[in-house]
Amino acid sequence: MIKEITAKYEAEQIEQKVTQFWDETDAYRRTRERRKTGKKLFFVDGPPYTTGHIHLGTAWNKIIKDSILRYYSMHNRNIMERPGWDMHGLPIEVKVEGVLGFKSKKDIESFGVGNFISKCKEFALGQQQAMTEQFERLGVWLQWEAPYMTLKDEYIEAAWWTLKQAEKKDLLDVGKRVVNWCPRCETAIADSEVEYADRTDPSIYVKFKVKGEENTFIVIWTTTPWTIPSNIAVAVHPSFEYAKFRAVRQDGKEEVLIAATTLIENVLRKGRYTDYEILETLLGEDLAGLEYESPLADLVPLQAEFRHNVYEAEYVTAENTGCVHIAPGHGMDDFAVGVKNKLPIFCPVGPSGAYTEEAGKYAGMNIREANAVVIEDLLERDRLLTEESITHRYGHCWRCKTPIIYLATEQWFLKITELKEKMLAEIEAVDWYPDWAGSARFRTWVEGARDWCISRQRYWGIPIPVWKCRKCGKMEVIGTKQELVEKSNASAEIELHRPYVDEVIIPCECGGDMKRVEDVFDVWFDSAVASWATLKFPQHEEDFNEWWPADFITEGHDQTRGWFYSQLGASMVGFGRAPYKSVLMHGFTLDGTGKKMSKSLGNVITPQDVIDKFGADTLRAYVLSASAPWEDLKFNWEEVATVHRSINILWNVFRFPLPYMALDKFDPMKVSLDSVRDALREEDRWILSRAQSMIKAVDEAMSGYLLHKAVREILEFTLEDLSRWYIQLIRPRTWTEAEDPDKLAAYSVLYEVYVTLTRLLAPFMPYLAEEMYQNLVRNVDPKAPESIHMCDWPEVNEAYLDPELEAAMTTARSIVEAASNARQKVGRKLRWPVARIVVSPETGAAAVAVKRLSSVLKDQTNSKAIVLTGVGESWDELGLEVIPDPGKLGPVFKRDAGKVSAALKEVDGAVLKKAFAEAGEFELTLADGSSVTITPEMANFAETLPEGVASAGSSAGLVYVDANLTPELEGEGYSREVIRRLQDMRKELDLIVDENIKAEVRIEDERVMGLVEPLKGLIAEEVRAASFELSSAAEVSGALVKAWDVEGIAMKMGISKA
RNA sequence: GGGCCCGUAGCUUAGCCUGGUGGAGCGCACGGCUGAUAACCGUGAGGUCCUGCGUUCGAAUCGCAGCGGGCCCA
């Protein structure tokens, strides 16, 4: 049986109870099990990094995933999903280093790599546990007991296998390249790991002396003085115009400078030159080849040996001097120029950012400290044109925030540039939500992509499976653990992490020993292989063949350069196609002012904060409905509270009929919608139709992953259609006591609608939906699926759809609102009935709607009659007021105009209008008996309302409320006042709904007493008074006695239990 | 500096694709209801639709430029 619920909406309690229910019934696993024969759906969870706690953004991410998967599951999709954990890499190393108080790699080496690795592992596993609990609390159903974890052997093998494919397809490259380098972490980092932030650096202009020309200098600009000792060349744009000009210094000396013509002024200003004269202009391409001397040749011995020349480069921009300092060992573009022109890749800087022996004077010095020294040295040699500082965006290591440097080092690369065209074609084949996420944003990113540096000089990561012979240099890529064991001395139980794999020796054909190269993979490569690693490929090919590629993934827009990209890259290498078929890109959670949430700003709100206050369903409904998925979400507590209030109303809507249903032992298994068909009212058919329309709207929204529209639709239906309207309409029906078909029809309809609503709620507010379902369905039908999440999504029942009725009801609601508005104007409360409501319909449809729903209208407006005028006609009881136009009367009647105007006002508007229409004029008799002729332009008309009538506009047309009282109406009004107060007193005594009372009422006013007397029986019935005494004089007694002032009439009432 | 997205009432937003007098919720003020009741409902005030220019008979909507915010990149 359906149970009455007394509690108000207590999310905490409900969610706890439901969680326990899910646990006890193994609901998650059995729900998945139930769909095993359905159409397959492969979802890949973007693995959160196992550091710290989940934040609002991660919560939103998982909530989106969960809602969509629950929705699909209810559509009988057989879903493969494993949550993922990203557990390797620098972030964890940095955390662990912090815990252990380490400052550099040396500390790690002396602690022991094996010890360090186990600390990292321990840390990652601990975080995973904590985060899993937090995700589960959100109501997220994923395979928590069997997640994919990047630190597992099966996962590592997926990465190894992929690298082996790269080698086979000649997409793997090793060599010296300039990479982003973190001098603290002493490792290369990927482009995607570089974080840009403002930083102040020196900004210097340096003069390079032209060889063989006296007192002549090329002027270059740089923000990295420390790279001057590594300068090898100068680049100019081939088609820019450059000038040789004589410049006069402040000290009166002159020198000849070379810079882009358009930038001469800039150079002169920077160098505080007082005068200049252009000697010669020439194009960049003509400048190429010019030889110059290193300004620090005396300090860096190798610099004296290098030749320094000017080269052409298209990327040079017309800024600063137009001549660009080239250090091929310290810049991406510089490196390219170096390779193109076969220049030495001179890189006298070591991993920690200290100069090597090659740097001569600077050897051992840290490059940041060297800046000042270099500047000093340049100044001493008179090669410094100016020195300033500049604040610019500069790359930092994303984890330790150290400014990065560029170093030419030996690294491993995936040749993404060779795959680019195919990747762009694959992007087209993927469905992107929204469309521009793929067609614009991701496309742009891939178009600019460079080869992917996948090697890191670190410890905690997937070891790069390349073994290199120490004798002959031969290299071999290992694809699986088994292959490694077969080819080497390794035992079958070998741990695939460092330092253990480092000890494995593979005998080389040449007789030498092959040792592993020491690098580990970029962590982005870990998650890149997730779509097949999660299927345990390559160990198990079966699942892979059945499920891959992913049907759907969804992540935040920061993952454009991250996981969307890394997955695509790795999959192109492994399989030559995209690993996903559709992608939903979602936004970021920001604080209330639109700023990023960050610890340093102190504006972080955690999911737990929200859950503690309002529960998980509210959090879910809020993040899902607040904005479109792809838009950023400005977190706003007030809005969360508003959503919570909506859910509370939903709860009250759900709760409302339960006591009556329970009392009447209503059994939906016996009373079907079919069986009450004949008793259905228009409003019943209306809400059934609305429910179908809602299913349609939600389905349509979900087909484009417009989760916000779906949730808003459901909440709007609940608030507008159910709470504010249908429930109001059926309330009197639920109070009837007999086995009334009218009541049963209302129950049955409400039940049907609630069951539908519960299913629609399930994907989005899974706890609440479950709680409702257990009471509504499971309590009456033991054969029903055990959990709401095992149910099928409701199908639209076309037979219930009635768009005309829906439109008519909208019209009716508008009329009720207008009537309420008019009542307010005329000062008549709703409790007091009115004689009639007059509607002047603007359209035939409006008239039809009024007729069809007149009982609803009578009911809701508390009126005795609904009167319709003809379509487009005004109400014939309206008066017509004459408004004389003084501007027209004045010139004609001069000094009599005032009198004429006064007399005209008194004329019956209808008479005047008729005269104008028939005769074109009107003979007006003035007070003195004389008469004048009035023509139509002299008067305007205004409709006037009859006494006691007020009007208001509605979508149907004007609505008039005739609030004139008759004794019957007044009697009913007072009676209702009495009823309302007696009910209030019942409440105060805390009586049960169906408990009988004794009531006594004294109304001293004889007139009112006379009005109320005939309705004595009605009052007694309404308040369940077994005995009811109404008098004008008798003393009032009872358990509770109160004196009331009812509209100025004194009344005294007393009640007690019968 | 570049790409993409966003900018509508005090706050959160709908409308924008497909141009035709800008809708809602919260909050505020006033009122109603009182067998959902520490709940619910109505009415009202409140808008340079970020700014400017353009296209058009007509622009929140289309185009261009700028400003502000977000993400990403250089």
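Computed over heavy atoms, backbone and side chain alike; hydrogens, waters and symmetry mates excluded. Proteins get letters first, then strands, A, B, ... in listed order; numbering begins at 1 in each.
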Phosphate OP1/OP2 of B/G35: any A/R986 side-chain N/O under 4.0 Å: no
Comparing A/T642 and A/D984 on RNA chain B - which has the more 5′ nearest nucleotide: A/T642
Pairs flagged by side-chain hydrogen bond (donor to acceptor under 3.5 Å, both in side chains) wherever residues 719-730 of chain A is involved - sequence neighbours left out: A/D684-A/Y726, A/R690-A/D721, A/E720-A/R724, A/E720-A/R813, A/Q728-A/R731
Contacts of A/E977 that satisfy salt bridge (Lys or Arg N to Asp or Glu O under 4.0 Å) - sequence neighbours left out: A/K829, A/R831, A/R981
B/U37 OP1/OP2 closer than 4.0 Å to side-chain N/O of A/R655: yes
Distances under 3.5 Å between protein N/O atoms and the N/O atoms of nucleotides 12-15 of chain B, please, pair by pair.
{"unit_1": "B/U12", "atom_1": "O4'", "unit_2": "A/E639", "atom_2": "OE2", "d": "3.2"}

Proximity to the side chain of A/N648 - top-ranked nucleotide from B/C4, B/A39, B/U43: B/A39
G-U wobble or Watson-Crick pairing nucleotide for B/A29 (cut-off 3.5 Å, both distances): B/U43
Salt bridge present between A/D740 and A/R733 (N-O < 4.0 angstrom): no
Given B/C5, B/C72, B/A36, the nucleotide with the shortest approach to the side chain of A/I727: B/A36
Closest to side chain of A/R724, choosing from B/A39, B/G42, B/G3: B/G42
Listed pairs, N/O of protein and of nucleotides 27-31 of chain B, under 3.5 Å:
{"unit_1": "B/G27", "atom_1": "OP1", "unit_2": "A/R645", "atom_2": "NH1", "d": "3.1"}

A/R645: partners by salt bridge (Lys or Arg N to Asp or Glu O under 4.0 Å), with sequence neighbours left out: none
Whole-Å distance separating the CH2 atom of A/W445 from the C1' atom of B/C71: 13 Å
Carboxylate-amine/guanidinium contact A/K709 A/E713, below 4.0 Å: no
Nucleic acid contacts of residues 972-983 of chain A, taken as heavy-atom distances under 4.0 Å to RNA chain B: A/R980, A/Q983
